[in-house]
Amino acid sequence: NKIGKQYRYDVLANHTLISRRMMLIYEYIYTKYPSILVDNSYKDNIYYQNFLLTSRNNRMKLLKKIESNSNKKVNYITSKEKEDTIYDTAIQSTDKAAIFNLMMKHHKASMLNMLDFSKNTYIGVIDYFLNEDVHGLRKIINNCVEKKVEMKVLKRKEIQLMRRLDTNVIIKKNTKFHICYNYIEQILYSLRRICDPVKEYVDNSFTPLNEKYINELKEVQEMVLWVMDAVSSTIHSSDYKDVDVVCERLKRREDAISEISIHQMDRVQDAQENIEISLLYLNIIQESYEIVYELRHFLKDISIMNEK
């Protein structure tokens with residue numbers, strides 16, 4: 001039955017997701033009236049069959065609970081969610097040291113997840129722009145909206161874990177924890193500020209970039225991707241002893257993009273080229289600069305957060 005609207009997450013909602021509520025109804029019927037599930041008039045109904053198909057993993061969880069005579073509540077997940085074993089383990093633990101280690105592990109995985117998304121999105125925006133693919137740009141905008149919701153869910157989970165730590169640990173880690181998520185949020189905003197005007201331009205009055213702009217844009221894209229890879233590899237290795245050296249290299253790319261941005265502003269003022277495409281190109285360069293700037297400061301703060 002269609003008993004409501006299906007959202008992606010319920011961590012920020014006032015009630016559980018429809019698919020999860022349906023599993024709770026199924027569990028009640030399975031334990032109280034199992035004969036109904038064996039012989040009923042709707043067992044061949046396409047909607048019921050679809051429910052059985054999409055809920056297979058959750059029904060296996062229920063079966064394991066019954067076989068083990070457990071009274072624990074089953075954590076049913078939806079088809080759009082991924083099982084978060086790190087969080088599930090941490091939230092059930094009573095050892096504060098273990099909770100702290102799992103929280104830091106979860107935070108690291110969350111940051112790498114967001115950086116990987118940012119990299120793929122930045123590649124997609126530039127490529128779709130150069131290839132005049134408005135459908136790809138629309139998809140990226142939708143993905144950014146969903147990713148922002150996912151980021152809030154991950155942050156909420158880690159806040160729940162942090163509240164179970166010692167007060168001294170919370171005071172030490174809390175500020176940098178929120179700052180790191182703020183940097184990620186700003187990077188997602190920059191990607192949207194690139195994609196939105198690009199999509200509108202391609203969709204309405206597209207004039208292709210000239211070869212000079214294309215070569216310059218590819219150079220900027222290469223620098224931004226290098227910065228993203230450098231930050232991701234440092235976080236992945238958890239080796240922050242050379243973070244100042246890495247940040248200095250990031251600063252050189254940041255300065256190089258800044259020079260390109262200043263040069264483009266001079267071009268716009270000269271008004272020798274199409275003003276619309278010149279301003280659009282300037283926006284891409286400036287937001288690329290902002291992404292690199294945020295990543296450099298993000299790396300500094302996450303290294304401080306991971307200090308023992």
Side-chain angles (χ1 to χ4, degrees), residues 110-133 136-137 139-141 143-144 147-148 151 179-199 201-202 208-237 242-265 267-268 277-303:
S110 300
M111 296 298 99
L112 289 172
N113 175 18
M114 292 296 160
L115 289 172
D116 184 60
F117 172 81
S118 300
K119 177 183 176 181
N120 292 331
T121 300
Y122 187 79
I123 292 172
V125 170
I126 303 302
D127 289 348
Y128 290 144
F129 175 43
L130 296 178
N131 294 321
E132 308 173 31
D133 188 348
L137 292 168
K139 185 177 180 181
I140 283 181
I141 291 173
N143 290 342
C144 285
K147 205 66 178 179
K148 187 178 178 182
M151 183 194 70
I179 288 174
C180 287
Y181 268 106
N182 287 344
Y183 283 132
I184 292 296
E185 188 172 15
Q186 289 303 315
I187 291 169
L188 293 180
Y189 278 133
S190 289
L191 291 169
R192 279 296 303 272
R193 287 194 294 265
I194 292 174
C195 196
D196 284 340
V198 164
K199 194 270 291 183
Y201 183 79
V202 173
L209 288 175
N210 59 43
E211 188 175 350
K212 177 178 62 179
Y213 280 172
I214 291 175
N215 293 334
E216 202 170 70
L217 181 57
K218 287 182 177 179
E219 181 183 345
V220 171
Q221 183 186 36
E222 186 178 336
M223 286 190 282
V224 173
L225 296 180
W226 187 93
V227 169
M228 288 179 171
D229 287 337
V231 173
S232 294
S233 61
T234 303
I235 295 173
H236 189 269
S237 65
D242 296 325
V243 69
D244 291 334
V245 177
V246 177
C247 285
E248 182 60 33
R249 293 173 181 168
L250 303 188
K251 185 67 168 63
R252 288 199 289 268
R253 268 78 179 179
E254 182 183 322
D255 292 340
I257 297 174
S258 178
E259 289 179 9
I260 294 173
S261 177
I262 293 171
H263 183 49
Q264 178 59 20
M265 282 190 281
R267 289 176 186 159
V268 172
I277 190 67
S278 296
L279 289 173
L280 181 67
Y281 177 67
L282 176 61
N283 176 69
I284 296 173
I285 301 301
Q286 289 177 332
E287 293 300 337
S288 298
Y289 168 84
E290 289 297 326
I291 290 172
V292 174
Y293 174 86
E294 300 289 349
L295 285 169
R296 180 168 64 86
H297 288 276
F298 165 75
L299 182 59
K300 283 184 179 180
D301 284 311
I302 199 171
S303 67

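Residue numbers count from 1 along this sequence.
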Practice task
Please state whether the rings of Tyr281 and Tyr213 are parallel, tilted or perpendicular, taking 30° and 60° as the class boundaries.
Solution key: parallel
Handout entry: Nearest-0.5 Å distance, CD of residue Gln221 to CD1 of residue Ile214
Key = 12.0 Å
Exercise for the section: Taking all non-hydrogen atoms of both residues into account, name the closest pair between Glu216 and His263 and its distance. Expected result: OE2-CD2, 4.3 Å
Problem - Closest approach of Leu137 to Val125 (non-hydrogen atoms, all atoms of both residues) - result: CD2-O, 4.0 Å
Problem - Trace of the side chain to side chain contact (heavy atoms under 4.5 Å, CB included) decision for Asp242 with Glu248 - result: CA-CA 10 Å; Asp242 296 325; Glu248 182 60 33; over 6 Å; no
Fill in the blank from the handout: Nearest heavy-atom approach of Ile257 to Val224 is CD1-CG2, 3.9 Å
Exercise for the section: State the CD1-OH distance between Ile284 and Tyr122, to the nearest 0.5 angstrom. Expected result: 8.0 Å
Practice task
Please check if any side-chain donor atom of Tyr293 sits under 3.5 Å from a side-chain acceptor atom of Ser258, or the reverse.
Solution key: no
Fill in the blank from the handout: From the list Glu185, Lys147, Lys119, side chain to side chain contact (heavy atoms under 4.5 Å, CB included) partner of Met114 resolves to Lys147
Exercise for the section: Using atom types as modelled and distance alone, determine if a side-chain donor or acceptor of Asp116 lies under 3.5 Å from a backbone N or O of Leu112. Expected result: no
Handout entry: Taking every non-hydrogen atom, the tightest pair across Phe129 and Leu209
Key = CE2-CD1, 3.5 Å
Fill in the blank from the handout: For Ile140 and Gly124 the tightest heavy-atom approach is CD1-C, 3.5 Å
Problem - Lys199-Tyr128 side chain donor-acceptor pair, cut-off 3.5 Å - result: no
Completion exercise
Distance col, row Cys247:SG vs Glu254:CD, nearest 0.5 angstrom, shows 10.0 Å
